[in-house]
Amino acid sequence: MQTSLHNLFEEFLKKPSIFINKEALTPKYNPRQILHREDQIKLLAQILAPSLKFEKPSNVLIYGKPGTGKTVVTKYVCAQLELSAKSKGIPLDTLYLNCKMKKVADTEYRLFAYLCSLLGEQVPPTGLPTNEVYNRFVKVVDSKPRMLIIVLDEIDALVRKQGSDVLYNLTRMELENAKMSFIGISNDATLKDSLDPRVRSSLSQEEIVFPPYDALQLRDILWKRAEIAFTKGAVDEVIISKCAAYSASVDGDARKALDLLRIAGELAERENANSIREEHLNEAIKKMETDSVLEIVRKLTKHSLLVLYSTILLSKLRDVLTTGNVYSFYCKLCESIGLNPLTQRRVSDLLDELDVLGLIKAEVISKGRYGRTREISLSIKGEILDKICELTKEVFGI
DNA sequence: CGTCCACCGGAAAGACAGGCGG
DNA sequence: CCGCCTGTCTTTCCGGTGGACG
Ligand SMILES: Nc1ncnc2c1ncn2[C@@H]1O[C@H](COP(=O)(O)OP(=O)(O)O)[C@@H](O)[C@H]1O
């Protein structure tokens with residue numbers, strides 16, 4: 001047993017890898033060159049440039065779907081700006097903060113505490129009144145003449161959880177010596193609507209939009225990375241183009257496109273292939289699709305899962321179901337595993353939620369004399385259904 | 001046309017958990 | 001550490017309804 005494993009490891013190490021630098025396909029990697037974002041880079045640089053004359057730049061709101069390069073572009077421009085400032089002897093700092101990081105920036109207190117710590121002022125993780133932390137932050141910031149640019153990534157998460165108050169306090173801070181500007185990054189284009197008007201006007205003095213990448217742009221981005229990540233000849237243009245085309249057709253997310261290429265590479269490597277072939281890519285696409293569905297399913301509450309499971313089982317017998325069908329089956333299921341069933345009213349809403357998630361179709365129709373109900377069918381098919389069933393059985397120990 | 005099926009879906013109150021502030 | 005508050009899920013109540021049937 002031990003020796004055979006030993007052999008396996010030895011073989012693994014001896015095997016020539018098609019990867020040179022797999023990291024180049026992960027989000028950790030910082031690309032040397034940012035493609036197809038020239039306009040956004042230039043615009044952001046223009047907006048921030050006044051800081052080099054020690055004038056307060058406008059605050060900026062950056063919008064765009066996930067994986068459109070908002071974070072890389074912002075970090076890049078900020079880094080360049082810091083370099084220029086340094087060479088001119090201007091006291092300029094940029095602080096980057098992801099509002100979604102749990103336990104770091106998801107409350108007003110923690111947000112200020114974290115900003116303080118970035119400035120070298122330690123604040124106890126709890127115990128002080130929020131107001132005190134706020135005052136300390138103002139004190140550190142204003143301790144000397146300086147330019148501060150604060151990047152608030154995933155700012156929509158902050159607004160959803162905390163409302164606009166935090167931002168109001170931040171943007172209207174009274175400073176004597178220092179000057180402070182904000183860059184807000186949002187995945188949600190409707191963020192502006194949910195912002196308090198006072199905050200909106202001050203935070204989005206300028207706006208930059210990041211549209212999703214199209215297939216050609218993704219192709220270029222992937223190609224650049226592939227050159228770094230893979231050995232020569234391990235991947236060709238056809239594969240890259242197909243990978244880009246697929247990703248563009250889904251949502252134009254560069255992060256997911258890179259993921260897809262990496263997974264295809266891993267599949268090829270596992271088969272000892274010396275290059276990625278179309279079949280590897282197809283398999284990778286399938287894997288990403290099932291993974292994304294499974295991820296959604298895993299997040300369902302147990303009752304939602306049971307409702308979905310009921311729908312799947314009943315769909316084997318009949319392809320269109322009604323709310324009543326699913327509900328009575330669901331109730332039996334609950335009884336057999338000793339769970340209190342929810343009311344039909346609730347299950348009716350759960351069915352709607354499953355529809356929104358794209359797992360089932362649940363459309364309200366009228367069958368005249370025979371009542372009004374949701375017509376329910378599955379939106380997904382194939383092996384993934386079996387996986388969902390397995391998962392359900394696992395969860396409930398059936 | 002009216003009836004009546006089999007639910008729909010709004011409103012509001014209750015249950016419960018987890019986190020905050022003191 | 002504890003009570004309170006907040007947010008999420010769920011129940012309860014109940015009026016509403018599209019259209020096949022008669
Ligand atoms: N124009 C680009 N050139 C190179 N890599 C990019 C580009 N845009 C995005 N990426 C890569 O895609 C991933 C996601 O980008 P990111 O900036 O985090 O997206 P967002 O912040 O918009 O969600 C990162 O790993 C980044 O390296």
Side-chain angles (χ1 to χ4, degrees), chain A residues 98-117 123-137 154-170 188 190-191 194-196 295-311 314-315 317-335 337-357 359-378 392 395-396:
Chain A
N98 189 321
C99 305
K100 223 178 179 173
M101 285 194 291
K102 289 238 153 58
K103 307 282 175 192
V104 172
D106 52 357
T107 69
E108 188 164 9
Y109 184 100
R110 288 206 262 257
L111 187 135
F112 281 113
Y114 184 70
L115 286 175
C116 282
S117 77
V123 171
T126 174
L128 296 176
T130 305
N131 213 10
E132 170 63 19
V133 188
Y134 176 82
N135 290 335
R136 280 210 203 180
F137 176 67
E154 317 238 24
I155 198 173
D156 43 327
L158 181 69
V159 173
R160 247 195 313 278
K161 281 202 81 162
Q162 304 286 309
S164 299
D165 295 6
V166 199
L167 294 176
Y168 184 78
N169 293 339
L170 269 174
D188 179 3
T190 67
L191 173 74
S194 50
L195 278 180
D196 188 307
E295 198 179 310
I296 294 170
V297 172
R298 254 190 281 275
K299 284 201 201 118
L300 296 177
T301 60
K302 51 184 177 169
H303 285 290
S304 285
L305 183 58
L306 281 174
V307 171
L308 178 61
Y309 183 64
S310 304
T311 310
L314 287 178
S315 289
L317 310 175
R318 207 171 340 146
D319 35 346
V320 234
L321 309 166
T322 68
T323 306
N325 292 157
V326 176
Y327 184 66
S328 59
F329 191 89
Y330 155 84
C331 284
K332 275 189 230 150
L333 212 56
C334 282
E335 198 184 335
I337 56 179
L339 214 63
N340 282 352
L342 300 176
T343 55
Q344 178 158 340
R345 176 73 188 82
R346 182 88 253 272
V347 169
S348 176
D349 280 346
L350 293 184
L351 285 166
D352 257 352
E353 288 172 28
L354 292 174
D355 183 326
V356 172
L357 290 173
L359 298 172
I360 68 174
K361 272 200 201 327
E363 197 190 351
V364 181
I365 54 141
S366 174
K367 293 192 292 183
R369 182 68 248 279
Y370 303 105
R372 221 163 159 270
T373 182
R374 286 190 168 76
E375 199 173 68
I376 299 156
S377 60
L378 291 171
T392 312
V395 170
F396 296 100

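Proteins get letters first, then strands, A, B, ... in listed order; numbering begins at 1 in each.
- Proximity of A/R372 to the phosphate of C/dA20: no side-chain N or O atom is located under 4.0 Å from OP1 or OP2.
- Across C/dG16, C/dT11, B/dG10, the shortest atom-to-atom separation from the side chain of A/T343 is found for C/dT11.
- Counting non-hydrogen atoms under 4.0 angstrom, A/R345 reaches a base of the nucleic acid.
- Distances were taken from every side-chain heavy atom of A/Y370 (C-beta onward) to each of C/dT10, B/dC8, C/dC21; the shortest belongs to C/dC21.
- The A/T373 side chain lies nearest to B/dC7 when the options are C/dT10, B/dC7, B/dG9.
- At the phosphate of C/dT10, OP1 or OP2 sits under 4.0 Å from a side-chain N or O atom of A/R346.
- The side-chain contact (heavy atoms from CB on, under 4.5 Å) search around A/T343 returns A/R345, A/R346, not counting sequence neighbours.
- As a whole-Å value, the separation of A/F112 CZ from B/dC20 C1' is 17 Å.
- Nucleic acid contact for A/T322: sugar-phosphate only, since backbone atoms but no base atoms lie under 4.0 Å from a heavy atom of the residue.
- The distance from atom NZ of A/K302 to atom P of B/dA17 is 11 Å, rounded to the nearest whole Å.
- Atom C1' of nucleotide B/dC7 and atom CD1 of A/I376 are separated by 11 Å, given to the nearest angstrom.
- Pairs of residues two or more places apart, or lying in two chains, that qualify as salt bridge (charged side-chain N to carboxylate O under 4.0 Å, His left out) and include a residue from residues 365-375 of chain A are A/D352-A/R374.
- Along DNA chain B, the nucleotide closest to A/R369 and the one closest to A/S348 are compared, and the more 5′ of them pairs with A/R369.
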